[in-house]
2 protein chains.
Amino acid sequence: MPKAFSSEVATGSREENASKKGSKLDLFRFVPFRLNRLAAEVSSALSVEYQERYGLDIPEWRVLATLGFRVEPCSAQYIAHCTRTHKSTISRAVTALMKRQMVERVENADDRREFALRMTRKGKALYEELIPRLLRREQEILSCLSAQERKDFANLLGKIENSLELVQTAKDAGATDAY
Amino acid sequence: MPKAFSSEVATGSREENASKKGSKLDLFRFVPFRLNRLAAEVSSALSVEYQERYGLDIPEWRVLATLGFRVEPCSAQYIAHCTRTHKSTISRAVTALMKRQMVERVENADDRREFALRMTRKGKALYEELIPRLLRREQEILSCLSAQERKDFANLLGKIENSLELVQTAKDAGATDAY
DNA sequence: TTTAGATAGTTGCAAGTGAGACTATCATAG
DNA sequence: CTATGATAGTCTCACTTGCAACTATCTAAA
């Protein structure tokens, strides 16, 4: 290995935290960066399941997850809103899932602009097969935490989500296009 | 508003959690989804600062953040590794930053494949101006948590990061291309 | 009824990004 | 010295996705 500057990583050069003028920022202690990195890593860990195994991408998986959890069928817009995914992304995901006959849609007589989406038998089968795998993965990822710590983590996430108004309420539902 | 199925969101239809066959998955309790959503939201909140105000995108900001925190100059590869960003992305960010004269690079006599990157005076000025804004934003986002809760949250994040080996050690540094 | 504005969903376009090929350079073994 | 393999950085390609325009439909008000 060449005697270069790339040898010491992350741990190196951390002493001089407060510089002469202005404050420095340690990327590794910066929560936004950490969240991004962690989310990317967790996603990639899960994608092994739904992507490689079942050929689903994230938006498609979100559509199935929403349809699978709800009892009533729902619209694409609904899925877009409550998963906070852009409606065009959801639209493409639904199209793909319909092509694969995982999802079907029926016209809504009351409002012919929107469609009721629901999983087909085939889609339900895939869903039933996929869910336990994903839950297992989630548990694996969280296995480094104790039961209490997992609870705490979920609570803390919830507080931040609430403060950022990430959690949809019934009132917000069909509110606006630009959520 | 049309009397459609899109009225009740997130709170609705949550009763039937355990279905007849197989378990359901509540997307809103599923940590991977929550992390993704939260990270996206936090990123977008911060992008107001570095993007709209200073015309930086995330990779460019990561380059500056890494260069600004370290005392020694470092290589593009180093930044790619410890920020877990693809080397081609970092390469493009460095190119853009050099065009704007925020960053300069000097050849490394010991290894002429790599370059030492460091911020210019102009880059440092931008960095000094940006950091306090970002730290303020981070505090705003975390302001819904008490001091103790912030600590706990950081600790829990750390545990998960460690278990996923997200935190680079000196040993991993120049290890492989496919991190 | 007519008109203006809002909404559901689709699509074209452009920007960003990862994968992987490619060049140049370095290290090591023979 | 030479050959092989690894590494730093760049570049092309393909894919994804957000944005915004567009169509069709609905609501509400004049």
Side-chain angles (χ1 to χ4, degrees), chain A residues 1-7 36 40-41 43-44 47 51 55-63 74-81 83-99 103 105-117 172-179, chain B residues 1-7 36 40 43-44 47 51 55-63 73-81 83-99 103 105-117 172-179:
Chain A
M1 190 194 290
K3 191 187 146 225
F5 31 73
S6 58
S7 34
N36 255 297
E41 186 69 15
S43 278
S44 119
S47 76
Q51 198 131 32
L56 298 172
D57 59 19
I58 292 189
E60 285 162 15
W61 148 243
R62 287 186 178 174
V63 170
C74 59
S75 69
Q77 199 68 258
Y78 171 90
I79 302 177
H81 276 106
T83 65
R84 295 223 150 203
T85 308
H86 198 275
K87 62 177 182 173
S88 62
T89 305
I90 296 296
S91 171
R92 285 184 266 253
V94 168
T95 303
L97 287 172
M98 286 200 302
K99 255 181 205 141
V103 160
R105 64 184 196 180
V106 292
E107 282 200 12
N108 177 10
D110 288 333
D111 185 343
R112 279 160 52 217
R113 290 172 301 179
E114 68 181 14
F115 302 90
L117 298 170
D172 304 335
T176 160
D177 213 38
Y179 42 97
Chain B
M1 191 193 289
K3 189 185 144 225
F5 31 73
S6 58
S7 33
N36 255 297
S43 277
S44 120
S47 76
Q51 197 132 32
L56 298 172
D57 60 18
I58 292 189
E60 284 162 16
W61 147 244
R62 286 186 179 175
V63 170
C74 59
S75 69
Q77 198 68 258
Y78 171 90
I79 301 177
H81 275 107
T83 65
R84 294 223 151 203
T85 309
H86 198 275
K87 61 177 181 174
S88 60
T89 304
I90 296 296
S91 171
R92 285 183 269 253
V94 168
T95 303
L97 287 171
M98 286 201 301
K99 256 182 205 140
V103 161
R105 62 183 197 182
V106 291
E107 283 201 11
N108 176 9
D110 288 333
D111 186 342
R112 278 161 51 216
R113 289 172 302 178
E114 68 181 13
F115 301 90
L117 297 170
D172 304 335
T176 159
D177 214 37
Y179 42 98

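Below, all heavy atoms of this structure are taken into account, side chains as well, without hydrogens, waters or symmetry copies. Just so we're clear, the structure is a prediction, and the values are computed from it rather than from any experiment. Order of the sequence lines sets the chain letters (A, B, ...), proteins ahead of strands, with each chain counted from 1.
Of the candidates D:dC26, D:dG9, C:dG9, D:dC26 carries the atom nearest the A:Arg112 side chain, counting heavy atoms from C-beta on. Set against C:dT17, C:dG18, C:dA8, the side chain of B:Pro59 has C:dT17 as its closest nucleotide. For A:Ser75, counting side-chain heavy atoms from C-beta on, the closest listed nucleotide (C:dG9, D:dC26, D:dA8) is C:dG9.
Distances shorter than 4.0 Å separate none of the side-chain N or O atoms of B:Arg84 from OP1 or OP2 on C:dG18. Applying the 4.0 Å criterion to OP1 and OP2 of D:dT10, one finds that B:Arg105 has a side-chain N or O inside that range.
C:dA6 atom P lies 15 Å from atom NE2 of A:His81, rounded to whole Å. Between the OH atom of B:Tyr78 and the C1' atom of D:dA8 there is a distance of 16 Å, rounded to whole Å. One atom, NZ of B:Lys99, and another, P of D:dT10, lie 11 Å apart when rounded to the nearest Å. Protein atom CE of A:Met98 is 11 Å distant from nucleotide atom P of C:dG9, rounded to whole Å. Here the P atom of nucleotide D:dG18 and the CG atom of B:Asp57 are 16 Å apart, to the nearest Å. Between the CG atom of B:Leu117 and the C1' atom of D:dT10 there is a distance of 14 Å, given to the nearest Å. We find that NE2 of A:His86 is positioned 12 Å from C1' of C:dG9, with the value rounded to whole Å. For the pair A:Asp110 CG and D:dC26 P, the computed distance is 9 Å after rounding to whole Å.
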Test A:Leu56 against A:Gln51 for side chain to side chain contact (heavy atoms under 4.5 Å, CB included), laying out the working first.
CA-CA 5 Å; A:Leu56 298 172; A:Gln51 198 131 32; over 6 Å; no

Carefully, step by step, assess B:Thr83 and B:Ile90 under the rule side chain to side chain contact (heavy atoms under 4.5 Å, CB included).
CA-CA 10 Å; B:Thr83 65; B:Ile90 296 296; 4.3 Å; yes

Please list, for nucleotides 3-5 of chain C, all pairs of protein and nucleotide N/O atoms separated by less than 3.5 Å.
none

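Counting all heavy atoms, side chain and backbone alike, B:Ser75 lies closest to B:Leu117 at C-CD1, 4.0 Å. Shortest non-hydrogen contact noted between A:Glu60 and A:Ala96 is OE2-CB, 3.3 Å. Taking every heavy atom of both residues into account, B:Ala116 and B:Pro73 meet most closely at CB-CB, 4.2 Å. Considering all non-hydrogen atoms of both residues, B:Arg62 and B:Thr85 come closest at NH1-OG1, 3.0 Å.
Separation of atoms NZ (A:Lys87) and CD1 (A:Ile79) is listed at 14.5 Å; rounding is to 0.5 Å. Interatomic distance, CD of A:Glu114 versus SG of A:Cys74, reported as 10.0 Å (0.5 Å rounding). One finds the NE2 atom of B:His86 at 8.5 Å from the CZ atom of B:Arg92 (value rounded to the nearest 0.5 Å). Rounded to the nearest 0.5 Å, atoms CG (B:Leu97) and CG (B:Asp57) are 8.0 Å apart.
Nearest-nucleotide positions on DNA chain D for A:Ala109 and A:Gln51 put A:Gln51 closer to the 5' end.
Between the side chain of A:Arg113 and the base of C:dT7, at least one donor-acceptor pair of N or O atoms lies under 3.5 Å.
Less than 4.0 Å separates DNA chain C from at least one heavy atom of each of the following residues of residues 88-95 of chain A: A:Ser88, A:Ser91, A:Arg92.
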